[in-house]
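Below you'll find the structure, written out as structure tokens, and then a few comments.
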Amino acid sequence: MVEKLTENEIFSSISSLKGWKFVDNSQVIEKKWVFKDFSEAFSFMTRVALLAEKVNHHPEWSNVYNNLTIQLRTHDCGGISQRDIDFAKAIEGF
């Protein structure tokens, strides 16, 4: 079973990730992007989707034209796990 991180562990882990925040009432970490246009947003989403398939960990996301919001949580533990932190770090590498 995947272990749920404590709030202190979450805040410590995302402190080095630019723009990511912990949404306590939803038990997710979240980041919002604004791209030049839809094509740029969709291109980024495609790279994230391919990574998600590779690591078998899928984001919840919303895209409207050039705006993208990604939320990460581990349903198996009912909150944030190290898998989410690692995935957020990988996304930051794009």
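Both backbone and side-chain heavy atoms feed into the values below; hydrogens, waters and symmetry mates do not.
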Would you say Q27 and F22 make side-chain contact, with heavy atoms under 4.5 Å? yes
Same cluster or not: W33 versus L51, using hydrophobic residues (I, L, V, M, F, W, Y) connected whenever any side-chain heavy atoms lie under 4.5 Å apart? yes
Test item: S12 side-chain N/O and N8 main-chain N/O as donor-acceptor pair under 3.5 Å: no
Do NZ/NE/NH1/NH2 and the carboxylate oxygens of K18 and E92 come within less than 4.0 Å? no
Measure the CD1-CZ distance between I29 and F11 for me, rounded to the nearest 0.5 Å. 11.0 Å
Single-linkage hydrophobic cluster, 4.5 Å side-chain cutoff, I10 and W20 together: yes
Count the heavy atoms of every other residue, nucleotide or ligand shown that sit under 6.0 Å from CZ of F42, and state whether that count exceeds 12. no
If you group Ile, Leu, Val, Met, Phe, Trp and Tyr by side-chain heavy-atom gaps below 4.5 Å, do V2 and L5 land in one group? no
Let me confirm one number: the CD-CZ distance from E3 to R83, rounded to the nearest 0.5 Å. 14.0 Å
Please determine, by modelled atom types, if E53 and N56 share a side-chain donor-acceptor pair under 3.5 angstrom. no
Donor-acceptor pair, distance only, cut-off 3.5 Å: does the side chain of D84 make one with the backbone of S81? yes
Okay, side chain of K4, backbone of T74: is any donor-acceptor separation there less than 3.5 Å? no
Worked check of side-chain contact (heavy atoms from CB on, under 4.5 Å) between L72 and I80: CA-CA 7 Å; L72 302 175; I80 310 303; 5.9 Å; no
What orientation do F44 and F94 show, parallel under 30°, tilted 30 to 60°, or perpendicular over 60°? perpendicular
So, N63 side chain and Y65 main chain: donor-acceptor pair closer than 3.5 Å or not? yes
Among the clusters formed by ILVMFWY side chains lying less than 4.5 Å apart, do V48 and F38 turn up in the same one? no
List in chain and number order the residues that pass salt bridge (Lys or Arg N to Asp or Glu O under 4.0 Å) with E7, two or more places apart in sequence or in another chain; answer none if no residue qualifies. none
Separation of Q71 CD from W61 CH2 (nearest 0.5 Å): 13.0 Å
Pairwise distance CD1(I70) to CD1(I91) - rounded to 0.5 angstrom: 4.5 Å
Give a yes or no answer on whether the side chain of R73 reaches the backbone of S26 with a donor-acceptor pair at less than 3.5 Å. yes
Which residue is it: K32, K31, E60? I am looking for the one with a side chain to side chain contact (heavy atoms under 4.5 Å, CB included) to T69. K32
Provide the full list of side chain to side chain donor-acceptor pair (under 3.5 Å) pairs with a residue in residues 36-45, sequence neighbours left out, each pair given once. S43-R47
What is the distance from atom CD of Q82 to atom NZ of K89, rounded to the nearest 0.5 Å? 6.0 Å
